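Notes to accompany the following structure.
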Amino acid sequence: MRNDGGTTGLDFIRQIISDDVREGKNGGRVHTRWPPEPNGYIHVGHAKTLLLNYWIAQEFGGKFNLRFDDTNPAKEESEYVEAIMEDVRWLGVDWEDRLFFASDYYEQLYEWAEYLIKEGKAYVCDLSAEEISEYRGTAKRDGDAMITPPGKDSPYRDRSVEENLDLFRRMRAGEFPDGSRTLRAKIDMAHPNLNMRDPVMYRIVRATHHRTGDAWCIYPTYDWAHGQSDAIEGITHSLCTLEFENHRPLYDWFLDNLPIEQRPRQIELAPLALTHTVLSKRKLRRLVEEGHVAGWDDPRMPTIAGMRRRGYTPEAIHDFVRRVGVTKAEGMVEISLLEHCIRQDLNRRAERRMAVLDPLKVVITNYPEDKVEELTAINNPEDESAGMRKVPFSREIYIEREDFMEDPPPKFYRLAPGREIRLRYAYFITCTDVMKNPSGNVVELRCTYDPATRGGDAPDGRRVKATIHWVSAPHAIDGEVRLYGPLFIKENPDDVEPGGDFLDNLDPDSLVVLTGCKLEPSLKNAEAGERFQFERKGYFCVDPDTRPDRPVFNRTVTLRDTWAKIKGRIKG
RNA sequence: UAGGGCGUAGCCAAGCGGUAAGGCAGCGGCCUUUGGAGCCGUGAUCGGAGGUUCGAAUCCUCCCGCCCUAACCA
């Protein structure tokens, strides 16, 4: 059993599956699938069900399929197919040669539809969408209560098999206008589950499909396509989110009433919800289309593409999904857990560098004018094999503006007038003078150094309370750093005033762009996607916008910051 | 309202009738050439009320709360 987070034992889904295997269902075979609709980019919430389906197939020695659920040509595009495949691959999920599309099964689905018609279990209905809704017995207001009346049969429900067949064939042939007729399953208009009240199987839509082009003008609905697609592929366990629970009786009904041997079992689990962000394609699309973010891969987005650009690793996302667990209880996971996962991963693997984001010039007055030393720095204290590097040191350096205070409060250990601190891997320095401009802002510090402390150790054993990072001024390269915070101010963006919407909770400061940052010279040739820890500041990832003369870094996540907490308490 | 679900510490989550794992967050401390990392310590009687039982978070009954569906979206 694990004791490093996550859960112990088997979750309820793995229990069900191992029971099925033990009982010899499906010949002991396990075969899962993940069925994205190509109408947007996938996000961490999708990663949860994707990885679960994939992991389970592996754990039980089974197979995993990637299948695009492309039954609605009006919303779907091949651009999304490509993007989703890239993201799935990046997450380390291998579907081998099993890439499928629901549209691969259109012909088979059509044949099965005729089968149901011939069995007297499906009929062509001429009711409009609104009428179907009314006949279904859609909930109505009754005073302040809601009433769900029983449905009543469509007047077209008892058409003969011959007439249904003729009409359905003519629907396919394109003889009727869009929306004028549907094919419906003949189940039970009084069923307590509304999904069973003669659900629509086909609708007439003249839209060009990203794969089948204009070959069809009737398209299967999700309910009519999903279970059968699972069956065709030999899927044994169909894991999906809770909102499909109400559809399970219908999923089973279709399979029960079709000449199909394979019996996939649908099991539903709670979808992921995360604080300070939204995980719904509809909302993410609005953020993109209304320009609140730069695109689906904006590093503030919870999309896989956005997280990749931000600097997240597949491993951290795996760890997060594993820790979140699998249950049917819908909860909201705190974003701090995700941040913990990426910090833990990057702490192990990211090389350290020094970068000054908000520079303050320091002149070391007793250091020789033209002298330059190459000091040795450790690339990663967590990984000896990462080795060492040289960092130039000279008379003029930059330090972080917030590492100096002219009038420091009690718990502030960093540089202050008359105080000695350590420059990481370099020397102890003592602040002797504070230079200000006419408006009283600190523009430069004068310090002295102790030559005996080279490398950072004092031979006399004296200690300093702080170590700060720095960059040699003449050697520094300029860079741009983009700081990201949560997109939304509230934990739950949907917590809004009556009449408002989630956009009201957008944080206008979720992106802060810093230019004129001073980076140590070894960062000069960093390539897009490379990740570093900027000592004491956080983890950063080189953005694709980087140019040779202008490196751009995205802050993935800050380091845990005890001083920030103390500072917050002091301010009250 | 009907039907379907869910309810264990601030958050996630084990527990499957024998007397509440773990992780995250928080707090306190140790250590530290990152106020990083690491290490140690610290919190719940299980939505509520009854009942069954020697014994219940686990079984039964009733109640309360929250979520989903009521698209020719998925």
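In this text, all values refer to a predicted model and were calculated from it rather than measured experimentally. In what follows, chains are A, B, ... by sequence order, proteins preceding strands, each numbered from 1. Values reported hereafter were calculated over all heavy atoms of this structure, with side chains retained and with hydrogens, waters and symmetry mates removed.
The CG-C1' distance, from A:Leu338 to B:C11, rounds to 13 Å in whole Å. Note: CG (A:Leu279) to P (B:C12) measures 14 Å, nearest angstrom. What separates CG of A:Asp11 from C1' of B:G22 is a distance of 15 Å, to the nearest Å. Protein atom CZ of A:Phe244 is 19 Å distant from nucleotide atom P of B:G4, rounded to whole Å. At whole-Å resolution of the value, CZ in A:Arg419 and P in B:G35 are 13 Å apart. Atom CG of A:Leu250 and atom C1' of B:G4 are 14 Å apart (whole Å). Atom P of nucleotide B:G36 and atom CD of A:Glu339 are separated by 16 Å, given to the nearest angstrom. In this structure, A:Asn195 atom CG and B:A70 atom P are separated by 8 Å, rounded to whole Å.
Paired with A:Trp34 under the rule side-chain contact (heavy atoms from CB on, under 4.5 Å), one option of A:Asn65, A:Val88, A:Leu239 passes, and it is A:Val88.
Under the Watson-Crick or G-U wobble criterion, with both distances below 3.5 Å, B:A70 is paired with B:U1. For B:U42, the paired base is B:G26 (Watson-Crick or G-U wobble, both distances below 3.5 Å). With both pairing distances under 3.5 Å, B:U19 is matched to nothing as a Watson-Crick or G-U wobble pair. B:U58 is unpaired under the Watson-Crick or G-U wobble criterion, no partner having all donor-acceptor distances under 3.5 Å.
In this structure, A:Asp561 does not pair ionically with A:Lys565, as no charged nitrogen and carboxylate oxygen lie closer than 4.0 Å. Salt bridge present: A:Asp20 and A:Arg265 bring a charged side-chain N and a carboxylate O closer than 4.0 Å. Salt bridge absent: A:Asp252 and A:Arg248 never bring a charged side-chain N and a carboxylate O closer than 4.0 Å. Contact check on A:Asp198 versus A:Arg157 returns a salt bridge, with a Lys/Arg side-chain nitrogen under 4.0 Å from an Asp/Glu carboxylate oxygen.
The environment of A:Arg462 atom CZ is dense: over 12 non-hydrogen atoms of other residues, nucleotides or ligands sit within 6.0 angstrom. Atom CD of A:Glu384 has 12 or fewer neighbouring heavy atoms from other residues, nucleotides or ligands inside a 6.0 Å radius.
Ring-base stacking between A:Trp563 and B:G35 is satisfied, the centre separation being under 5.5 Å and the plane angle under 30°.
A:Glu268 contributes no side-chain N or O that forms a donor-acceptor pair with the base of B:G5 under 3.5 Å. A donor-acceptor contact under 3.5 angstrom links the side-chain atoms of A:His247 to the base of B:A74. Checked by distance alone, A:Glu243 brings no side-chain donor or acceptor within 3.5 Å of a matching partner on the base of B:U69. If you check distances only, the side chain of A:Glu382 does reach the base of B:G36 with a donor-acceptor pair under 3.5 Å.
Backbone-only contact: A:Arg560 has heavy atoms under 4.0 Å from sugar-phosphate atoms and none from a base. Using a 4.0 Å heavy-atom distance criterion, A:Arg352 is classed as a base contact. Within 4.0 Å of A:Pro35, counting heavy atoms only, lies no atom of the nucleic acid at all. Residue-level contact check: A:Thr327 touches the backbone only, with heavy atoms under 4.0 Å from sugar-phosphate atoms and none from bases. Within 4.0 Å (heavy atoms only), A:Ala129 reaches at least one base atom of the nucleic acid. Counting any heavy atom pair closer than 4.0 Å across all strands shown, A:Ile378 reaches no nucleic acid atom. Using a 4.0 Å heavy-atom criterion, one finds that A:Thr182 contacts the bases of the nucleic acid, with or without backbone contacts as well. Within the nucleic acid shown, A:Asp457 comes within 4.0 Å of at least one base atom, counting heavy atoms only. A:Gly179 comes within 4.0 angstrom of a base, heavy atoms only. At a threshold of 4.0 angstrom between heavy atoms, the contacts of A:Met332 are confined to the sugar-phosphate backbone, with no base atom among them. When heavy atoms are screened at a 4.0 angstrom cut-off, A:Arg414 is found touching base atoms of the nucleic acid. Within the 4.0 angstrom heavy-atom criterion, no nucleotide atom of any strand lies near A:Ile218.
Listed candidates were B:A74, B:G35, B:U34. Nearest to the side chain of A:Glu37 is B:A74. For A:Ser128, counting side-chain heavy atoms from C-beta on, the closest listed nucleotide (B:C72, B:G4, B:G35) is B:C72. Of the candidates B:U34, B:A74, B:U32, the closest approach to any side-chain atom of A:Arg463 belongs to B:U32. Of the listed nucleotides (B:A13, B:A74, B:G35), B:G35 has the atom at the smallest distance from the side chain of A:Arg536. The side chain of A:Val200 lies closest to B:C72, out of B:C6, B:C72, B:A74. Between B:G15, B:G26, B:C72, one nucleotide has an atom nearer to the side chain of A:Gln15 than all others, and that is B:G15. Nearest to the side chain of A:Asn246, among B:A74, B:C72, B:C68, sits B:C68. With distances taken from any side-chain atom of A:Pro192 to the nucleotides B:G3, B:C12, B:A13, the minimum falls on B:G3. If you check B:A71, B:C27, B:C24 against the side chain of A:Arg323, the one that comes closest is B:C24. Closest approach to the A:Asn347 side chain among B:G35, B:A37, B:A74 is made by B:A37 (side chain taken as heavy atoms from C-beta onward).
Within the 4.5 Å cutoff, side-chain heavy atoms of A:Leu10 are placed close to those of A:Ser18. In this structure, the side chains of A:Thr275 and A:Phe488 stay at 4.5 Å or more apart for every pair of heavy atoms.
Put simply, A:Lys281 has no side-chain N or O that comes within less than 4.0 Å of OP1 or OP2 on B:C73. Note on A:Arg322: every side-chain N or O is 4.0 Å or more away from OP1 and OP2 of B:A13.
Of the two residues near RNA chain B, A:Val333 and A:Thr562, the one whose nearest nucleotide lies more 5' is A:Val333.
Rounded to whole Å, the separation between the C1' atoms of B:U8 and B:A20 comes to 8 Å. With C1' as the reference atom, B:G18 and B:U45 are 15 Å apart, rounded to whole Å. Comparing the same atom, P, in B:G4 and in B:C63 gives a spacing of 15 Å after rounding to whole Å. Comparing B:U58 with B:C46, their P atoms are spaced 9 Å from each other, to the whole Å. Here, B:G26 and B:G65 have their C1' atoms 27 Å apart, quoted to the whole Å.
With A:Ser180 contributing its side chain and A:Phe176 its backbone, the two residues share no donor-acceptor pair below 3.5 Å.
B:A49 takes the anti form, because its glycosidic angle lies more than 90° either side of 0.
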